[in-house]
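Structure first, then comments.
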Amino acid sequence: MDATAPILEVQDLRTHFFTQDGVTRAVDGVSFALEPGETLGIVGESGCGKSVTALSILRLLPPKLSRIVGGKVIFEGTDLVPLDEPAMREIRGNRIAMIFQEPMTSLNPVLTIGEQIAEAVRIHQGASQKDALARAVEMLKLVRIPDAERRVGDYPHQFSGGMRQRVMIAMALSCNPKLLLADEPTTALDVTVQKQILRLMLELKERIGSAVILITHDLGVIAETAKRVVVMYAGRVVEQAEVTALFDAPLHPYTRGLMASIPRLKHNRARRLAEIPGIVPDLRTPIPGCAFAPRCPLATDRCREAAPPLEDQGSGHFAACWEAGRA
Amino acid sequence: MSAVLAVDGLVKHFPILRGVLRRPVAWVRAVDGVSFAIEPGETLCLVGESGCGKSTVARLVLRLDEPTGGTIRLDGTDVTALDERAFAPFRKRVQMVFQDPYASLNPRLKVGQIVGEPLENYEGLSGKALEERVAGLLAKVGLRPEGVGRYPFEFSGGQRQRIGLARALALNPKLIVADEPVSALDVSVQAQVLNLMMDLQEEFGLAYLFVSHDLAVVEHIGHRIAVMYLGEIVEIGPKQVVLDEPKHPYTRALVAAAPIPDPRAKRDTLVLEGDVPSPLNPPSGCRFHTRCPFVMERCRQETPMLREVTPGRRAACHLLDA
């Protein structure tokens with residue numbers, strides 16, 4: 001495999017949830033690729049399918065409720081979708097690691113921090129308990145937890161929210177993963193702590209050489225961290241571009257609406273914010289056309305009838321919109 | 001013109017009770033000497049990180065908690081010591097909107113009952129008169145009249161916050177205390193609710209005490225800003241001065257930490273180390289000294305006083321003596 005080949009390629013991924021009320025098309029044909037060492041941001045509002053995309057990559061979805069009904073997740077040349085559970089376990093926490101939003105609930109309260117970090121190292125790298133614990137201390141130092149030798153024996157409740165998220169990062173990076181999925185890693189944290197954690201994550205990612213998918217609802221966090229951005233709406237990718245291109249000239253009406261609706265510090269000339277009228281569509285009903293059409297100021301009959309494909313609108317800036325040229 | 005709300009030296013210490021006798025073994029100093037006033041039609045924003053006491057201040061103003069010390073005046077009347085019955089007429093003047101639109105509406109009541117309840121209780125309305133008032137309130141917050149017969153679960157988060165606003169408006173209050181009213185909402189919906197709150201302010205001359213952790217939201221809706229840290233106000237003043245030229249290092253750090261949705265923006269590189277210390281045992285001297293990048297010896301011992309540093313803006317920091 002040559003060095004510029006993507007480390008991850010998601011092709012037309014479709015993940016559906018099967019509930020009493022019907023089938024929810026949570027991820028409805030999502031495609032993107034990621035180069036080694038790259039930071040890709042996925043941004044969207046609640047229910048847009050960004051978290052389900054990450055969980056689909058790692059195959060962490062509840063098996064009875066949900067299924068990947070189509071598409072491929074090609075990681076280092078192998079499609080993960082057909083892999084069995086033992087094969088996935090080899091990858092999870094080892095070559096692909098994940099950081100979750102809730103540092104409170106994603107650590108086991110009855111195991112010490114050290115035991116939890118050591119577990120992954122022991123299982124994936126066959127290290128002895130002693131070596132694995134030494135690695136845990138090393139990782140805690142790396143994420144700058146003071147007094148790491150002593151704190152490795154502490155339990156999660158003895159750590160603050162920011163410290164717990166450092167522990168999560170230490171755990172995720174302990175096996176030098178090639179890909180790190182970070183799902184709203186700082187949303188539960190205060191802003192001054194968020195800044196520390198984002199910096200730390202990006203600095204360590206460089207050192208280890210992992211690629212990162214950063215999932216967030218916060219365009220500010222995206223602007224400060226990602227190199228390339230995927231914008232999702234109602235289970236689909238509506239726009240994909242380099243971060244500067246996206247913020248300089250968003251092409252999709254949804255992205256434009258989103259950017260206009262965020263209050264910006266030291267930026268507000270007009271006191272009123274732009275609103276996106278209406279609410280997100282119900283994903284239990286199939287949407288034949290563009291999912292954003294009911295809220296879109298530019299929508300035509302064509303938009304309501306046929307879903308626009310994600311097309312290159314020039315120099316690698318992709319948008320799924322029949323009217324992307326207008327505006 | 002007298003202030004709608006004036007609090008002076010407000011203190012709230014929560015006891016930590018232990019043992020069979022439930023004796024207090026320690027005190028959480030949630031709010032420790034906070035003073036501010038809000039004029040009619042004005043929005044004062046309380047900002048700070050978790051545990052700074054901003055929500056406790058909101059609860060004290062609403063008399064949902066009893067203050068340990070200090071005074072609360074509504075329209076010039078000291079209401080701090082009034083019992084529930086004597087406070088009742090004031091209850092109409094101060095209403096509230098909560099953070100979680102899913103937890104703050106009774107799921108068993110229809111929207112009409114939720115919005116109508118204050119009118120029944122305080123104005124004795126019923127029948128046709130009540131229905132008309134409720135319909136009017138729903139229209140004011142942009143909800144369709146058929147909403148009255150529906151239950152909260154049938155509405156989205158943004159619509160629920162509109163229901164909460166309609167309920168708060170029912171008694172024509174002069175002040176609405178809103179505790180993180182948009183932080184549970186998606187950004188596009190957040191804009192709808194913020195715009196609505198500003199429209200209502202203009203129409204009814206409402207004052208807001210707006211509690212938030214989000215500086216960009218605060219800059220948008222606020223007139224003045226009070227920055228809290230560990231139970232104290234460290235800086236207070238008109239929003240533009242406080243945010244553009246913060247005088248307290250903590251305010252500066254908060255502004256610097258707010259992510260800017262612009263990849264080309266120049267960023268303040270100031271990063272605070274560590275987490276907020278526990279309000280159980282706040283640091284000596286200036287409470288911010290454990291995280292302050294500009295800490296001096298004096299800061300560890302001597303508590304800085306909040307005083308005017310530029311017209312209308314006060315800050316509490318020893319650096320400002322120089």
Side-chain angles (χ1 to χ4, degrees), chain A residues 43-48 144 146 159-163 186 188-196 198-199 216-227 229 242-248 254 257-268 270-280 295, chain B residues 47-52 155-159 182 184-196 198-199 202 212-221 229 239-240 243-244 250 253-265 267-278 291:
Chain A
V43 68
E45 299 179 280
S46 6
C48 74
R144 296 195 206 105
F159 287 75
S160 67
M163 288 298 208
T186 56
L189 305 176
D190 281 317
V191 281
T192 59
V193 182
Q194 163 168 289
K195 192 164 179 180
Q196 299 164 9
L198 288 176
R199 284 194 164 198
T216 177
H217 68 285
D218 189 331
L219 282 167
V221 169
I222 287 284
E224 302 206 346
T225 53
K227 183 170 158 278
V229 188
E242 295 288 322
V243 67
T244 42
L246 185 83
F247 281 85
D248 284 351
Y254 173 65
L258 206 55
M259 293 211 181
S261 68
I262 41 173
R264 292 165 191 243
L265 209 49
K266 301 180 186 172
H267 208 277
N268 59 323
R271 195 155 132 84
R272 275 189 83 80
L273 290 163
E275 300 175 11
I276 302 179
I279 54 168
V280 290
R295 303 174 77 186
Chain B
V47 299
E49 298 179 284
S50 8
C52 72
F155 294 86
S156 69
Q159 289 172 318
V182 296
L185 306 176
D186 275 319
V187 281
S188 68
V189 181
Q190 177 177 302
Q192 298 172 6
V193 174
L194 288 175
N195 283 342
L196 174 63
M198 292 188 287
D199 291 345
E202 214 156 279
S212 177
H213 70 284
D214 188 330
L215 285 184
V217 166
V218 158
E219 178 174 49
H220 211 80
I221 196 162
Y229 189 77
K239 69 171 171 190
Q240 232 61 52
L243 295 176
D244 289 353
Y250 179 63
L254 269 187
V255 173
I260 309 171
D262 176 4
R264 297 184 194 277
R267 289 172 166 83
D268 187 336
T269 52
L270 184 74
V271 182
L272 290 186
E273 296 297 322
D275 290 328
V276 183
S278 161
R291 299 175 81 201

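Keep in mind the model is a prediction, meaning the values are calculated, not measured. Reminder, nothing fancy here: chain letters follow the sequence lines and each chain counts from 1.
- Looking only at heavy-atom pairs under 4.5 Å with chain A, the residue among B:Q190, B:Q159, B:R291 that has the most is B:R291.
- The minimum heavy-atom distance between A:T192 and B:A253, with the atom names listed, is CG2-O, 4.3 Å.
- Distance alone, capped at 3.5 Å, is enough to place a donor-acceptor pair between the B:Q192 side chain and the A:I276 backbone.
- Remark: A:T244 OG1 to B:D262 CG distance equals 10.0 Å, nearest 0.5 Å.
- Interface remark: B:D199 contributes side-chain atoms only to the contact with chain A (heavy atom separation under 4.5 Å).
- Between chain A and the options B:A256, B:G158, B:G48, B:S156, the largest number of non-hydrogen pairs under 4.5 Å is found for B:A256.
- In this structure, NZ in A:K195 is found 7.0 Å from CG in B:L270, a value given to the nearest 0.5 Å.
- Residue contact with chain B, scored on non-hydrogen atoms closer than 4.5 Å, is absent for A:M259.
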Where do A:E224 and B:I260 land on the side-chain contact (heavy atoms from CB on, under 4.5 Å) test, with the steps shown first? CA-CA 7 Å; A:E224 302 206 346; B:I260 309 171; 4.0 Å; yes
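- In this structure, the separation between CD on A:E275 and CG on B:L196 is 8.5 Å, given to the nearest 0.5 Å.
- Using a 4.5 Å heavy-atom cutoff, the side chains of B:R264 and A:D248 are in contact.
- Neither the backbone nor the side chain of B:V218 comes within contact range of chain A; no heavy atom of the residue lies under 4.5 Å from a heavy atom of that chain.
- Interatomic distance, CD1 of A:I262 versus CG of B:D214, reported as 10.5 Å (0.5 Å rounding).
- Considering every non-hydrogen atom in both A:G220 and B:P259, the closest pair reads C-CB, 3.4 Å.
- Contact tally against chain B (heavy-atom pairs below 4.5 Å) for A:Q194, A:H217, A:R199: the top residue is A:R199.
- A side-chain contact (heavy atoms from CB on, under 4.5 Å) with A:V191 is found for one member of B:V255, B:L272, B:L254 and no other, namely B:L254.
- B:D244 meets the salt bridge (Lys or Arg N to Asp or Glu O under 4.0 Å) test with no other residue; sequence neighbours excluded.
- Ranked by heavy-atom pairs shorter than 4.5 Å toward chain B, the options A:G47, A:G162, A:S261 are led by A:S261.
- Per-residue heavy-atom pair counts under 4.5 Å with chain A were compared for B:L243, B:T269, B:L194, and the maximum is reached by B:T269.
- Remark: the backbone N or O of B:S50 is paired with a side-chain donor or acceptor of A:D190 at under 3.5 angstrom.
- In this structure, CZ on A:R144 lies 8.0 Å from CD on B:E273, to the nearest 0.5 angstrom.
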